[in-house]
Structures are given as C-alpha cells and as structure tokens.
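Working notes, structure below.
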Amino acid sequence: MPELPEVETTRRGIEPHLLGRTVSRVIVRNRQLRWPVPARLDATLRGQRIAHVRRRGKYLLLGFEQGSLILHLGMSGSLRILPVSQPGEKHEHVEWQLDDGHCLRLRDPRRFGAVLWTRRDPLEHRLLAHLGPEPLSEAFDGDGLHTRAAGRRQAVKPFLMDSRIVVGVGNIYASEALFLAGIHPRRAAGRISLARCRQLATAIKQVLAEAIEQGGTTLRDFTDSNGRPGYFKQRLNVYGRAGESCPRCGQPIRQQVIGQRASYYCPRCQK
DNA sequence: ACTGGCTCCTGAGGGC
DNA sequence: TGCCCTCAGGAGCCAG
C-alpha cells in the first residue's frame with residue numbers, strides 16, 4: 001500500500017528515466033480504474049515531451065507541454081520503467097511508451113488508482129486544490145496542527161489521515177507517529193495541547209523522512225523487472241504488531257478499529 | 001462545519 | 001489440495 005514515502009520513492013525512481021523523453025505511444029489495456037482513464041490518451045500524449053515529474057501528497061504529476069497527467073497509485077498501484085519488449089504482466093493497465101525504447105507501466109491489481117489528464121495547472125485540479133500542507137515542508141508544523149484541531153472532537157488518528165489537514169499520512173504512519181508522540185489514537189484532536197501537537201508534527205516528519213530513506217534503498221532500481229519492494233515492516237514499532245510487546249515499555253500492543261481503520265497502539269505509552 | 005459510513009476491487013489468509 | 005468466505009485499505013463522496 002503506497003503511502004507518501006513510497007510515492008516519493010517512486011517519483012525519484014522514475015524521474016531520471018522520464019525527464020526530456022517524448023511519448024511515442026500510449027496503450028490502455030483497462031480503463032476502469034477509480035475513474036475511467038481518459039479516452040484518446042494516446043492521441044493526446046503522442047509526441048509530447050515530459051518536462052517534469054512532481055508529487056503533491058500521494059499524487060504524481062507528470063508535466064507535459066500541453067498539460068499534466070495526474071497519477072494516483074491507490075493502494076496496490078506501482079510504476080516501473082521497462083523495455084517495451086518486456087512481456088506484460090497481469091494488471092498492467094496502462095503503458096506509456098517512450099522514444100528510447102523503454103516504457104512506463106502502471107500495474108494496479110485492485111484498481112483503486114487513477115490516471116487523469118488536465119490541460120490546466122494540476123495543483124488547481126479539484127482533487128488537489130484543497131489539499132493540506134506537505135508534511136515534510138515548513139508549511140506543516142505543530143502550531144498549524146493545533147489551530148486546525150481546535151474544537152474538533154474527531155479522534156486524532158482519522159484527523160491526521162484527512163488530506164485537508166495534512167497530506168500523505170496514511171494508516172500505517174498515523175499509527176507510528178502517534179506512538180512516537182505518545183498520543184492515544186482515539187484522543188479527540190481538539191484535546192491535544194500545543195506542546196504535544198508540536199511533538200506530533202515532529203514525529204510525523206521523522207517517521208516519513210525515515211521511511212523515504214528506507215524506500216531509497218529498498219526500491220533502488222526501477223528498471224529491474226524483479227524489483228518489487230517489500231514493505232518496511234522491520235522498522236515499524238506498532239503497526240501490525242497486536243499482541244507483541246511495546247518496544248518502549250513491554251506492554252502488549254493493542255489493535256482497535258478507529259474510523260473503520262485498524263489502529264495499533266500501546267495502552268501504557270499512549271494517552 | 002463536522003463526522004461517520006459506504007464504496008470501488010482483488011489477493012491473501014483462515015477454516016474446513 | 002482446493003474451495004469458500006471474509007476482510008483490508010486510499011480517499012472521494014454522501015447523508016445526517
């Protein structure tokens with residue numbers, strides 16, 4: 001399940017292979033993703049040069065001369081650079097062929113991902129226009145978090161996963177950051193002190209930055225057809241570890257569903 | 001303005 | 001060995 005670190009790692013992995021390349025052909029094998037893949041994508045993109053590869057939240061933005069592709073990996077999507085001659089695999093729904101004999105392929109078994117095209121500034125697109133700050137930027141800090149949380153009774157974990165508050169904090173890293181900050185996932189967002197909001201913001205930055213570093217080593221080679229990454233489970237303190245000992249105090253870690261999502265926490269360390 | 005619940009989909013994992 | 005059932009999970013969307 002790609003969270004922000006995996007999306008950023010993907011961006012870094014594909015960028016050098018795409019910059020300055022021209023699309024020679026687009027093949028859409030299955031257009032039924034979260035939204036239908038735009039019709040005539042091949043006609044739209046053919047001959048256009050890729051000017052930049054950016055990321056906003058978990059969206060990847062491929063900038064062309066006449067518009068931008070907006071890509072989302074959903075929860076099972078992945079992008080790889082392969083030789084065009086490489087035989088296709090199951091669930092490879094879209095292929096962008098480049099002028100150097102390689103192609104970018106989107107594989108997405110669960111098809112929660114998205115491929116959209118816009119001729120305007122992608123940051124103004126309705127899916128992106130109202131996103132909260134990037135967690136690793138200076139625009140995101142504990143003071144801002146505290147302000148946004150004021151008066152809200154929603155549990156802090158789903159609050160953190162709301163992309164209008166901050167982007168890119170998915171289910172796994174929300175649990176991890178709350179553990180680091182010592183905050184119970186069910187605590188009302190509006191009942192966290194400024195000092196603890198600052199700790200929480202720091203924890204979010206730390207967890208995501210560390211995961212990106214990990215991703216950088218795990219997902220090194222995007223041209224390797226065998227390079228499916230494992231997830232960074234070895235680094236996780238609480239996620240997926242119900243019943244195991246808390247690494248800080250030894251208490252058994254608990255699992256609880258909060259906002260329809262599995263949440264993991266230490267009942268002793270997190271208040 | 002908030003909040004919780006539903007939805008899309010497939011593969012994994014458990015039970016028998 | 002295989003079949004069936006259940007469930008996870010990002011995030012937009014809608015109802016209350």
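Throughout, protein chains are lettered first and strands after them, A, B, ... in sequence-line order, and every chain is numbered starting at 1.
Shown here are the ring pair (Phe, Tyr, Trp, His ring centres under 6.0 Å) partners of Y59(A), two or more places apart in sequence or in another chain: H72(A).
K58(A) has a side-chain polar atom (N or O) that falls below the 4.0 Å cut-off from OP1 or OP2 of dA11(C). For Y59(A) and dG12(C), the shortest distance from a side-chain N or O to OP1 or OP2 is below 4.0 Å. Not one side-chain nitrogen or oxygen of H72(A) sits closer than 4.0 Å to the OP1 or OP2 atom of dG10(C). Within the 4.0 Å cut-off from OP1 or OP2 of dG9(C), at least one side-chain nitrogen or oxygen of Y239(A) is found.
Residue L79(A) is tested with V7(A), L18(A), V94(A), L73(A) for a side chain to side chain contact (heavy atoms under 4.5 Å, CB included); the sole match is L73(A).
Between the side chain of R191(A) and the main chain of G151(A), no donor-acceptor pair closer than 3.5 Å is present.
Counting any heavy atom pair closer than 4.0 Å across all strands shown, L127(A) reaches sugar-phosphate atoms only and no base atom.
Taking the six-membered ring where the residue is Trp, H184(A) and Y265(A) present tilted rings, their angle falling between 30° and 60°.
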>> Base contacts versus sugar-phosphate-only contacts with protein, heavy atoms under 4.0 Å: please encode nucleotides 2-12 of chain B as B, S and - from 5' to 3'.
In response: -SSB--BBBB-
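In this model, no donor atom of one side chain and acceptor atom of the other lie less than 3.5 Å apart for S24(A) and D99(A).
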> Can L106(A) and L33(A) be said to form a side chain to side chain contact (heavy atoms under 4.5 Å, CB included), step by step?
Replying inline: CA-CA 11 Å; L106(A) 172 67; L33(A) 301 184; 4.0 Å; yes
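Comparing the helix axis at one end of the helix from dC2(B)-dG16(C) to dC16(B)-dG2(C) with that at the other, each defined from 5 consecutive pairs, gives an inter-axis angle of 50° (nearest 10°).
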